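Single-structure report; data block below.
Below, read A as the first sequence line, B as the second, and so on, with proteins coming before strands; counting in each chain starts at 1. Keep in mind it's a predicted model, so treat the numbers as computed, not measured.
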Amino acid sequence: MTELAKAYTPKETEDRWSQAWSDAGAFNATVTPGKKPFTIVIPPPNVTGILHMGHALNNTIQDILIRFHRMKGFEPLWMPGTDHAGIATQNVVERKLGKEGRKRQDLGRDKFLEEVWRWKEEYGSTIIRQLKKLGASCDWRRVRFTMDEDYSQAVKEVFIRLFEKGLIYQGNYIINWCPRCQTALADEEAPHRDLQGNLYFLRYPFKDAPDEYVIVATTRPETMLGDTAVAVNPKDKRYKKIVGKTLLLPLMNREIPVIADDMVDPAFGTGCVKITPAHDPNDYVTGKKHALAFINVLHPDARINENGGEYKDMDRFEAREVIIEDLKEKGLLEKIEPHALSAGHCYRCHTIIEPYLSKQWFVRMKPLAVPGIAAVKDGRISFYPKRWTKVYLNWMNNIQDWCISRQIWWGHRIPVYYCRACYKPASVDSPAQTAATGKKNIKHEKQHIPGLIVAAVKPAACPHCGATDIYQDEDVLDTWFSSWLWPFATFGWPKQTHKDAQGIDHDVREELAFFYPTSALVTAPEIIFFWVARMIMAGFEFMGDIPFKDVYIHGTVRDIEGKKMSKSLGNVIDPLEIINEYGTDALRFSLISITAQGQDVFLNKERFEQGRNFANKIWNASRFVMMNLDNSQVNRDLCLTFKNEQMSLVNRWIISRLYSTLKEVNKNLETYKFNEAANLLYRFFWHEFCDWYLEIIKPEIKQPENQLIMFKVLEKFLRAIQPFMPFITQEIWSRLKPSEGLIMQQSWPHLQEQLIDKKTEQRMALILEVITAIRNMRADLEILPTQHLHAVVAAATKPKRELIEHASGHIGYLCRLGTLAVQEKLEHRKSTVTSVVSDVHISLSLEGVVDVEKEKAKIDAKIKKAESDVKAKENTLANTSFVERAPAEVVEKERQRLAELKETLIKLKAVKHALE
RNA sequence: GGGCGCAUGGCUCAGUUGGUUAGAGCGCCACAUUCACAUUGUGGAGGUCAUAGGUUCAAGUCCUAUUGCGCCCACCA
């Protein structure tokens, strides 16, 4: 054992152990028959990511689970990796190019992808390094990337299988289009945000009676350029006559019909709806139903295209203004009303999305959702906290088809090839709209489109016509189309063997059989739909089983004002800065201790001081134990087991408290209540082991039994706190038990329930109460610690008297008493103060210790002072001009102050009385 | 429009299936430094548990309504 420095210095310690753990391969997981697996796959951070507090929380939780289960004897595998994050990464690299004055389009696809790969090689492992710094005990040999060669094979395989099954189809449909990223987005990628906009009331004249018109209401007047009808509700009496009449679309002078359709709500606006089939999902359905023309009026960048007449090339919002001006001029603008609305926004660049008609690839989700719904309903998969179950089921029950094609370059290119000679794009209704049109039971048959070939590699010739001019689909797949395979594709599925970073071959089937399904998934609520739900569906579809048993959803990390932490708000607390300043263990412990299950986390920097202080406390308590530990003594006694009934009360007490705490810690860790577990350990160690136990045994610290117990309790505590604070515990362990290897490889402290003794805990609690009461009295009288008092403690029952007698040494020591007498009844004495706690009467004699006369004089002086203060305050408050003129809160403060002073006065008088 | 969450001392939050005296951290006040630790110790002040009803022997905890804040979902132009 070597002596410890006076304060814990995390920096040097952490780097040293990180290296040692990795050298020892301590995090490596292998198939171990006879052992139970415990598997977690990391939610792969974006390659563009840098560690933020959300990552820190998310990964600390996972690491605690992994480290806890490792000690419990499981074979733990934590699978690490990163996500290629299609749009996000492409945007980052484009921005970088932009700064150099270059554009993606100028480079061309291949050159641009080279740039992205170069960027990935240079910066892509930043987040991995940072996770290592956090102490994350992932099996780093296995680190995966969603664009790895093998992983890409899995993605292709899945696309082909789903296509063959009829679950992937190509179709023309209205999708969410981001005009800035210029790609389609899935519904989940275009969250609605509230906007303050206007409702524009436009007049559409009749062809035959140009002075008469119908009024339509719209929030996006620029779409009127693409209107091909006006709809009214067939039951709406006001408009019965006009159904079938022809209108003249203003500005465009196009003839459009008035049609009748149930989808129109007569109560909204004027009850007349302009129909723009190419720019609104509802209108699209209506357009299909009524065989209307589909006129696309937008370029992909949301400028008006050639179908917009004189507005061609204007930006959509500029066109909106101009169109309104023009209509006003022609007397065709009825009115403009302010209107609260919500619109989809791109989740990557926050641009307002445009509903846009285009050819895309979709996954039919309803059949995939069926087993995923059942698994959660019957409890094979559980959400923690439970309430997310409902959110998940609600989404799954109303699931829409998934648009998986993206018009960007960075990603898995769609494994589809076209024959230039014979391919004609499909025009297929997606189930999303068949539901709306009332058609049911759409068949899940493989889609047959001549000249369209779905294959992992480019075919030599078109199987339909034999032509050889074949080209690949330009689009790439949604990033989540690769992420949803994460729980099994990371193992190398569907291949037989898989090489890790060290070139070692892993048997994929064997590993999946052992480690899959995974045990727990730890993630944030915002990706339940994006990722969690889809992994469940993929798990069933491709592995025939759930991908994980438990889903733990933690809260969002916010700043102290409740705002989400984000760079743009400038309210970010950088975890690396905290690590640098306070240490990794401090960061981890603080984060965990303040994060209640599933609640959002509110952070400010001061909160990390608690973790740092705790680390330092652990350090110093260990230092104290080691300083006082007699080596030979401990080595001899280490093999002893606790012989409970023969031990002293304090030793029985601290052991009972240790196991009581451990029992609760176990329970809380098993139910994902990490904060409870952390705080229990904190309270036990600091406020019971340090504040009471070590203080009590100090005078008799060399007793063999005390030596043994303080050592054992410390040692067990270190093991229990290890999952939370791996670095400091390792450092202390290496000095406390240098021959016993890494602390993370020790077993979790075995819960010895027979050593939990509530009776002992109660008895001890009484003694602590007595001690506190005596200290309390001393503090009230301002008696210096150097002044030793005489105390008399009286209890009516014999067991209590015996207990206090037994503990009188401890009480005397901790209260700095000269003598302590235990009696049945308290006699009235002169110059004493008294107190009662739990039926125990305590009397402190001030005679000979405190000069009673002097003390009396002091008290008298204080009473005098207090009385004059009270009088002064009363006068102030009696002053009507003060009460009337001063601000209410000032008056209130004065009142409170007066009440306090009066209370003090009463106390002082009581003490004076006691002295007489 | 639907759903969910939150409201507890000056601040930020715990409080598991209803059960003695509602806890913690920070902050505040007083005292203590040749003591493992001032990144400390001892003691203290400070709470109508958002509001109004209800169930119960018993409610911070369960039910109903109300108010305020936050989040998610949604094709009402």
Ignoring hydrogens and angles, state whether a donor on the side chain of A:T286 or A:K288 is under 3.5 Å from an acceptor on the partner side chain.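 Not at all, the side chains of A:T286 and A:K288 share no donor-acceptor pair under 3.5 Å.
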For [N], give the paired nucleotide (Watson-Crick: N1-N3 plus N6-O4 or O6-N4; G-U: N1-O2 and O6-N3; both under 3.5 Å), or none.
| N | result |
| --- | --- |
| B:C11 | B:G25 |
| B:A65 | B:U51 |
| B:C76 | none |
| B:C57 | B:G19 |
| B:C31 | B:G41 |

Given atom [atom1] of [X] and atom [atom2] of [N], what is their separation to the nearest angstrom?
| X | N | atom1 | atom2 | value |
| --- | --- | --- | --- | --- |
| A:W395 | B:C4 | CH2 | C1' | 18 Å |
| A:I594 | B:C11 | CD1 | P | 18 Å |
| A:F383 | B:C72 | CZ | C1' | 14 Å |
| A:I696 | B:C35 | CD1 | C1' | 17 Å |
| A:I399 | B:A74 | CD1 | P | 12 Å |
| A:L694 | B:U40 | CG | P | 16 Å |
| A:L341 | B:C75 | CG | C1' | 13 Å |
| A:R735 | B:A36 | CZ | P | 18 Å |

Does a salt bridge link A:E354 with A:R220, judged by any charged N lying under 4.0 Å from a carboxylate O?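 A:R220 and A:E354: salt-bridged.
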Basic-acidic side-chain contact under 4.0 Å: A:K335, A:E337: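 Yes, this pair counts.
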Pairwise [atom1] distance for [N] and [M], with rounding to whole Å:
| N | M | atom1 | value |
| --- | --- | --- | --- |
| B:G19 | B:C62 | C1' | 14 Å |
| B:C11 | B:C63 | P | 28 Å |
| B:C73 | B:A58 | P | 44 Å |
| B:A59 | B:A22 | P | 14 Å |
| B:G60 | B:U20 | P | 11 Å |
| B:G53 | B:U12 | C1' | 31 Å |
| B:A52 | B:U48 | C1' | 14 Å |
| B:A74 | B:U55 | C1' | 36 Å |

Looking across every strand, which nucleic acid part, if any, lies under 4.0 Å from [X] by heavy atom: base, sugar-phosphate, or nothing?
| X | result |
| --- | --- |
| A:H279 | nothing |
| A:Y682 | sugar-phosphate |
| A:V625 | nothing |
| A:Q610 | sugar-phosphate |

With A:F717, which of A:F685, A:F711, A:Y682 fulfils ring-ring contact (aromatic ring centres under 6.0 Å, His included)?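 Between A:F717 and the candidates, ring-ring contact (aromatic ring centres under 6.0 Å, His included) is satisfied uniquely by A:F685.
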Between [X] (side chain) and [Y] (backbone), is there a donor-acceptor pair under 3.5 Å?
| X | Y | answer |
| --- | --- | --- |
| A:E189 | A:A186 | yes |
| A:N620 | A:N616 | yes |
| A:D401 | A:M365 | yes |

With nearest nucleotide decided by heavy atoms, which residue, A:Y8 or A:F268, maps closer to the 5′ end of RNA chain B?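 Taking each residue's closest nucleotide, the earlier one in sequence belongs to A:Y8.
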Between A:K698 and A:N668, which is nearer to the 5' end of RNA chain B once each is assigned its nearest nucleotide?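 Per heavy-atom nearest nucleotide, the more 5' residue is A:N668.
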Can you tell me if [X] touches the phosphate of [N], counting only side-chain N or O atoms and a distance under 4.0 Å to OP1 or OP2?
| X | N | answer |
| --- | --- | --- |
| A:W686 | B:G41 | yes |
| A:N776 | B:G44 | yes |
| A:H192 | B:C72 | no |
| A:N282 | B:C76 | no |

Is A:E676 side chain donor-acceptor paired with the B:A24 base, going by distance under 3.5 Å alone?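 In this structure, the two groups form no donor-acceptor pair.
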Does any N or O donor sit under 3.5 Å from an N or O acceptor when you compare the side chain of A:R607 with the base of B:U12?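 Between B:U12 and A:R607, which were checked side chain against base, a qualifying N/O pair under 3.5 Å is present.
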Heavy atoms from C-beta onward define the side chain here; which of [options] lies closest to that of [X]?
| X | options | value |
| --- | --- | --- |
| A:K6 | B:G25, B:A77, B:C37 | B:C37 |
| A:D265 | B:A77, B:G3, B:A36 | B:A77 |
| A:K390 | B:C37, B:C4, B:A24 | B:C4 |
| A:R387 | B:A36, B:C75, B:G5 | B:G5 |
| A:R623 | B:A77, B:A74, B:A36 | B:A36 |
| A:H687 | B:A36, B:G44, B:G25 | B:G25 |
| A:D691 | B:A36, B:U42, B:U40 | B:U42 |
| A:T772 | B:G23, B:G43, B:C37 | B:G43 |
| A:S342 | B:A74, B:G25, B:U39 | B:A74 |
| A:R775 | B:C26, B:C37, B:U42 | B:U42 |

Testing A:D227, A:V232, A:L202 for side-chain contact (heavy atoms from CB on, under 4.5 Å) with A:V216, which one passes?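 That would be A:L202; it is the only one of A:D227, A:V232, A:L202 passing the side-chain contact (heavy atoms from CB on, under 4.5 Å) with A:V216.
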With a 6.0 Å cut-off on the ring centroids, do A:F614 and A:F589 count as close?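 Yes.
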